[in-house]
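First up is the structure itself, then whatever we jot down about it.
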Amino acid sequence: MYSNPIIWADYPDIDVIRVEDTYYMVSTTMHMMPGCVILRSYDLIHWEVATHVYDTLDNTPAQRLENGQQIYGKGMWAASLRHHQGMFYVIFVANDTRKTYLYTSRTIEGPWKKQIVEGFYHDCSLFFDEDERVYLVHGNAEIHLTELSADLSGPKPGGIQRIIVKDNQPYYLGYEGAHFYKIQGKYYVFLIHMTKAAGRRTQAFYMADALDSEFVGGEVFNDDMGYFNLGVAQGGIVDTPNGVWYAMLFQDHGAVGRIPVLVPLQFKQGIPVFANEAPKSIDIASTRPGYTYRPLVGSDCFEHTVQEDGKVRLQDFWQWNHTPHDELWSVTEVPGVYRIRTGQLSPNLTFAVNTLTQRSMGPTCEATVTLDGSGLNDGDYAGLCFLIGTYGLIALTKKEGQYYLVMQARESEDSSIFGNLIDEEPATEHACIPIDGPLITLQATGNFVDNQDECSFGYWDGTAWKSLGITHRMFYKLDHFMGCRIGLFLYSTRMIGGAADFSNFIYHIK
């Protein structure tokens with residue numbers, strides 16, 4: 001048996017499909033690049049990265065963290081993943097550009113062809129009917145059914161456009177997160193909402209015999225797994241090759257993010273019936289017993305070579321915060337080193353370009369990295385962080401030619417999900433010590449047990465690890481709308497052109 005939730009890391013807004021013996025799961029990546037991650041599994045429990053649908057989206061100034069612009073909490077949301085007649089389809093909206101994007105590929109690895117769909121369809125679900133007509137189901141509070149043209153370029157003139165479900169209860173969050181299916185001749189839509197009566201996220205369903213018929217249904221799952229009244233909801237459903245059904249939903253887990261939970265279900269007389277509670281442990285037979293999965297997070301020695309297309313691709317657990325500036329990073333100039341240079345001034349970590357990140361993972365995780373700051377200019381900061389609105393960091397900096405090690409954190413006035421910390425304010429400095437030279441090994445630790453959401457930092461003094469600064473409490477907020485990330489960063493506050501070299505990155509889950 002394996003623990004459920006199945007992954008203690010940030011994979012929200014998930015959609016899941018099965019193609020023959022292989023399961024695929026797509027998740028929101030917002031402001032991270034490459035984006036729109038798709039995971040692969042053979043048992044719904046263990047997962048690895050299959051691909052990222054795009055390396056960059058539109059390269060707008062905001063996506064590139066230029067001119068004080070940013071897309072935190074925006075970017076791509078809630079993709080729908082489908083496989084139809086030998087073609088993979090991924091469709092989503094980006095909340096910064098207010099566009100709907102459709103990517104298609106014959107293989108999950110790509111290449112993926114990009115097109116724009118006319119209109120903006122919040123939390124959309126793509127549906128191919130048996131008569132080859134194609135639809136999107138989308139919306140918030142009012143759930144719409146919109147028929148698309150055959151080329152999927154936009155709404156079909158004269159096609160079906162109607163509201164199929166409307167949330168009439170008093171709510172904090174109206175129906176959204178649509179996932180639409182046709183199963184044994186009936187149409188189903190699964191939705192998330194948060195009513196004032198329930199006080200937490202719950203899962204609902206509606207069904208109809210025809211697309212122009214009335215959709216009827218209601219609540220189908222309401223459980224928090226005994227975890228702080230945080231409901232398990234929103235996601236897709238999928239069946240095994242043996243016809244056993246599961247829902248892949250998510251649950252809020254504080255600063256680590258929204259994490260995937262498997263819930264068994266079955267259809268009784270055509271009605272989906274979920275388990276009363278999400279099981280704390282689960283086991284599902286693998287379609288490929290003995291398969292070895294690549295890790296979702298991991299260590300890196302930064303040994304890379306240029307590929308035939310002239311590009312260098314990092315290991316698939318890495319993502320940059322916003323679109324990278326490719327001219328300002330390298331893993332080939334010095335073998336075994338991730339080098340960052342600065343090309344613009346930044347007021348704080350939030351606006352640092354080319355911050356390289358991995359998801360934090362519970363219950364606790366620890367990262368260490370060796371930093372060579374001999375290329376730093378006065379006013380530069382380079383180091384290791386937990387990236388979130390309420391971030392914490394340890395950094396090497398330089399002032400009047402002297403190297404210092406600092407620990408900083410961004411404080412929040414409250415623990416709620418509200419409040420915007422994306423601004424030019426500096427973090428609070430909790431420690432600053434002089435050090436003899438530019439070479440230092442840094443440590444960052446995150447503790448996510450029972451939403452403690454603490455990060456702490458230290459350094460190797462040559463004989464032992466020494467802590468620096470405070471143990472900092474992080475809070476998940478809607479400004480980033482993402483779980484915290486372990487990151488390698490450099491930014492300049494006084495003059496551009498500084499450089500930092502990172503090597504021997506080691507990641508442990510405890």
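Ring centers of Phe180 and Phe127: under 6.0 Å apart, within the cut-off. In this structure, Tyr89 has its ring center under 6.0 Å from that of Phe128. In summary, the aromatic rings of Tyr2 and His46 are positioned with their centroids under 6.0 Å apart.
Looking at Arg98, its side chain never comes within 3.5 Å of a backbone N or O of Phe120 through a donor-acceptor pair. Under the 3.5 Å distance criterion, the side-chain polar atoms of Gln452 are left unmatched by any main-chain donor or acceptor of Phe448. With hydrogens and angles ignored, the 3.5 Å screen pairs no side-chain donor or acceptor of Glu147 with any backbone N or O of Arg133. For Trp8 (side chain) and Pro5 (main-chain N/O), no donor-acceptor pair under 3.5 Å exists by modelled atom type.
Test Thr305, Asp326, Val331 against Val312 for side-chain contact (heavy atoms from CB on, under 4.5 Å) and you get one pass: Val331.
Taking the six-membered ring for Trp and thresholds of 30 and 60 degrees, Phe205 and Phe190 have ring planes inclined between 30 and 60 degrees apart.
Considering only heavy atoms from C-beta on, Cys484 stays 4.5 Å or farther from Tyr391 through its side chain. Between Asn504 and Val369, the closest side-chain pair of non-hydrogen atoms is not below 4.5 Å. Side-chain contact check for Gln203 versus His193: every heavy-atom pair is 4.5 Å or farther apart. Proximity of Ile486 to Cys365: side-chain heavy atoms (C-beta onward) are separated by under 4.5 Å at one or more points. Counting only heavy atoms from C-beta outward, the side chains of Val137 and Ile143 approach each other to under 4.5 Å. With a 4.5 Å cut-off on side-chain heavy atoms, Lys113 and Tyr103 do not count as touching. Residues Pro241 and Arg18 form a side-chain contact, since some pair of their non-hydrogen atoms from C-beta on lies under 4.5 Å apart. Residues Arg82 and Met87 fail the side-chain proximity criterion, which asks for heavy atoms closer than 4.5 Å.
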For this session: Starting from the C-alpha separation in whole Å, work towards a yes-or-no answer on ring pair (Phe, Tyr, Trp, His ring centres under 6.0 Å) for Phe317 and Tyr507.
Result: CA-CA 11 Å; Phe317 41 60; Tyr507 192 124; 8.0 Å; no
Exercise for review: Report the C-alpha distance between Arg485 and Asn321 in whole Å, list the side-chain angles of each, state the deciding distance to 0.1 Å, and finish with yes or no for side chain to side chain contact (heavy atoms under 4.5 Å, CB included).
Suggested key: CA-CA 9 Å; Arg485 298 283 188 113; Asn321 176 29; over 6 Å; no
* To do: Take His144 and His138 through the test ring pair (Phe, Tyr, Trp, His ring centres under 6.0 Å) and record every step on the way to the result.
  => CA-CA 5 Å; His144 297 254; His138 57 96; 5.4 Å; yes
Quick one: do Thr471 and Glu454 satisfy side-chain hydrogen bond (donor to acceptor under 3.5 Å, both in side chains)? Show the steps, please.
CA-CA 6 Å; Thr471 297; Glu454 296 174 337; 5.6 Å; no
Chi angles and distances behind the side chain to side chain contact (heavy atoms under 4.5 Å, CB included) call for Leu384, Phe502: CA-CA 10 Å; Leu384 189 59; Phe502 297 89; over 6 Å; no
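Residues Pro324 and Met33 approach most closely at CD-CB, 4.1 Å, considering heavy atoms. Minimum heavy-atom separation, Thr51 to Ile108: CG2-O, 3.0 Å.
Partners of Lys182 under the side-chain hydrogen bond (donor to acceptor under 3.5 Å, both in side chains) rule, at least two apart in sequence or in another chain, are Asp129, Glu130, Tyr187. In terms of the ring-ring contact (aromatic ring centres under 6.0 Å, His included) criterion, Tyr171 has no residue partners (sequence neighbours excluded). Listed by chain and residue number, Phe221 satisfy the ring-ring contact (aromatic ring centres under 6.0 Å, His included) test with Phe274 (two or more places apart in sequence, or in another chain). Not counting sequence neighbours, the partners of Tyr291 by the ring-ring contact (aromatic ring centres under 6.0 Å, His included) test are Tyr42, Tyr293. Under the side-chain hydrogen bond (donor to acceptor under 3.5 Å, both in side chains) criterion, His52 pairs with no residue, sequence neighbours left out. Judged as a side-chain hydrogen bond (donor to acceptor under 3.5 Å, both in side chains), and not counting sequence neighbours, the contacts of Asp309 are Arg313. Partners of Arg288 by salt bridge (Lys or Arg N to Asp or Glu O under 4.0 Å), not counting sequence neighbours, listed by chain and number: Asp21. Checked against side-chain hydrogen bond (donor to acceptor under 3.5 Å, both in side chains), Ser27 has no partners two or more places apart in sequence or in another chain. The side-chain contact (heavy atoms from CB on, under 4.5 Å) search around Ser415 returns Phe475, not counting sequence neighbours. Tyr72 pairs by the ring-ring contact (aromatic ring centres under 6.0 Å, His included) definition with His31, His322, His480, not counting sequence neighbours.
For Lys196 and Tyr172, the positive end sits near the middle of the six-membered ring, less than 6.0 Å away and at most 45° from its axis. Both tests pass for Arg359 against the ring of Tyr11: distance under 6.0 Å to the centre and angle within 45° of the axis.
Taking CG from Asp13 and CZ from Phe92, the interatomic distance works out to 12.5 Å, rounded to the nearest 0.5 Å. Going from atom SG of Cys124 over to atom CG of Asp15 covers 10.0 Å, rounded to the nearest 0.5 Å. Between the NE2 atom of His472 and the CZ atom of Phe457 there is a distance of 8.0 Å, given to the nearest 0.5 Å. The structure places CH2 of Trp47 at 6.5 Å from CG of Leu39, a figure rounded to the nearest 0.5 Å.
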For a quick test of your reading: what N or O donor-acceptor pairs under 3.5 Å do the side chains of residues 254-271 make, sequence neighbours left out?
unit_1: Arg258; atom_1: NE; unit_2: Tyr476; atom_2: OH; d: 3.3

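Residues His83 and Glu20 have side chains that never bring a donor and an acceptor to within less than 3.5 angstrom of each other. Between the side chains of Tyr54 and Tyr101, no donor N or O sits under 3.5 Å from an acceptor N or O. A donor-acceptor pair shorter than 3.5 Å cannot be found between the side chains of Thr240 and Asn242. In summary, the side chains of Asn222 and Arg200 do present a donor paired with an acceptor at a separation below 3.5 Å, with no hydrogens or angles considered. Checked by atom type, the side-chain pair Asn451/Tyr227 shows a donor-acceptor distance below 3.5 Å.
Pairs engaging residues 205-214 under the salt bridge (Lys or Arg N to Asp or Glu O under 4.0 Å) rule: Lys186-Asp209 [sequence neighbours left out].
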